[in-house]
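We number each residue from 1, following the sequence as shown. First listed ligand is number 1; within each ligand, the first listed atom is number 1.
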Amino acid sequence: MLEDLQRLNRTHAVPGALSFEEGFGGVVARLGSAGSEAVVALQGGQVLSYVPAGSTTGVLWLSPAAKLGTGKAVRGGIPVCWPWFGPHAEPGKPAHGFVRAAPWTVTGAAASQEQTQLTLAFDATAVASELWPYQAQLMLTVAVGRSLKVTLTTANAGSCAIPLTEALHSYFAIGDIAEIGVSGLEARPYIDQLDAGRQKRQAGGIHFSSEVDRIYFDTTDTVTIDDPSLKRTIGVAKAGSRSTVIWNPWIEKGERLGDLGPEGYRRMVCVETCNAGPDIVTLAPGERHSLVQEIFVNNRA
Ligand code: BG6
């Protein structure tokens, strides 16, 4: 690992803005820009933390059991789910695709007055055809500044069309799940994953008093988390995304997951920027598609 770190720092570090270090048992990049900071794991291209300038509390929730290099995706931060969202119809294929626990390659780093940016790549042309019979190149950029902007770009490098579902599966840190409200999805249709996939329509804002697992589809709007106990709102804006998943496992499922920590379900909510459910992206040969999520925070006095 030491050799990797030395090589990465020699090739891509930006003095005062971006460096590579050991963290969570793996290699992470630390990005800083005018008081804002983010940590990104090379495993999965997963953002693990984002603390905006002026905040003492991180915006992303991360499991207290977070450990890289176990072959499993870390729970928390922003896992990248690609090229399918959720479980695969064929047995033996991993839920949420195969890039969230795989190693990504650093291809670029840059810093300006406004932001610091890291670019990673994943070569999906090298994946076994039994797992995924298509040819694609993936690029992920993470830009830290007054906001955190994550862009996942898929380029079809093969000769047939690729059907794609995907997610930037963000876990947000909150004061108490029973107190927050999520807005921006009013009157939108959704698939209730806890009610045999029935289609329903959202009435008003979203509040939590039990497990929630919903794919809101046909929506491009910004979603806002209002958190009275942490006295802040978190905005999740997006582009290239037609679905938003809202998930909280609540008590029983939270215990089954085993990596949330005590009462962990209370301190997290997932607002995921996706193309999922009926929102399938079809990429023609040579075509590119970008899924973009931008997170910004407003602290109340
Ligand atoms: C959410 C899904 O996106 O991810 C849930 O809507 C799922 O159904 C959750 O349980 C977590 O998935 P995993 O594979 O990370 O445990």
Tabulated below should be the N or O atoms of ligand 1 paired with protein N or O atoms at under 3.5 Å; can you produce that?
from: ligand 1; atom 1: 3 (O); to: H169; atom 2: NE2; distance (Å): 3.1
from: ligand 1; atom 1: 3 (O); to: E272; atom 2: OE1; distance (Å): 2.8
from: ligand 1; atom 1: 3 (O); to: E272; atom 2: OE2; distance (Å): 3.0
from: ligand 1; atom 1: 4 (O); to: H96; atom 2: NE2; distance (Å): 3.1
from: ligand 1; atom 1: 4 (O); to: H169; atom 2: NE2; distance (Å): 2.8
from: ligand 1; atom 1: 6 (O); to: Q193; atom 2: NE2; distance (Å): 3.2
from: ligand 1; atom 1: 6 (O); to: D213; atom 2: OD1; distance (Å): 2.6
from: ligand 1; atom 1: 8 (O); to: D213; atom 2: OD2; distance (Å): 2.5
from: ligand 1; atom 1: 10 (O); to: K253; atom 2: NZ; distance (Å): 2.7
from: ligand 1; atom 1: 14 (O); to: R100; atom 2: NH2; distance (Å): 3.0
from: ligand 1; atom 1: 15 (O); to: R75; atom 2: NH1; distance (Å): 3.3
from: ligand 1; atom 1: 15 (O); to: R100; atom 2: NH1; distance (Å): 2.9
from: ligand 1; atom 1: 16 (O); to: R75; atom 2: NH1; distance (Å): 3.3
from: ligand 1; atom 1: 16 (O); to: R75; atom 2: NH2; distance (Å): 3.1

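K67 has no carboxylate O lying under 4.0 Å from a charged side-chain N of D259, or vice versa, which leaves the two without a salt bridge. Using a 4.0 Å cut-off between a side-chain N of Lys or Arg and a carboxylate O of Asp or Glu, R30 and E37 qualify as a salt bridge.
Hydrophobic clustering (ILVMFWY, side-chain heavy atoms < 4.5 Å, transitive): V28 and L118 are in distinct clusters.
In this structure, the side chains of Y265 and F208 stay at 4.5 Å or more apart for every pair of heavy atoms.
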Less than 3.5 Å apart, which donor and acceptor atoms pair up between the side chains of residues 156-168 and the rest of the protein, not counting sequence neighbours?
from: N156; atom 1: OD1; to: G158; atom 2: N; distance (Å): 2.8
from: N156; atom 1: ND2; to: C160; atom 2: O; distance (Å): 2.9
from: N156; atom 1: ND2; to: L283; atom 2: O; distance (Å): 2.9
from: N156; atom 1: ND2; to: A284; atom 2: O; distance (Å): 3.3
from: T165; atom 1: OG1; to: F85; atom 2: N; distance (Å): 2.8
from: E166; atom 1: OE2; to: N275; atom 2: ND2; distance (Å): 2.9
from: E166; atom 1: OE2; to: H289; atom 2: NE2; distance (Å): 2.7

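A cation-pi arrangement is not found for R188 relative to Y216, the charged atom failing to lie both closer than 6.0 Å to the ring centre and inside a 45° cone about the ring normal.
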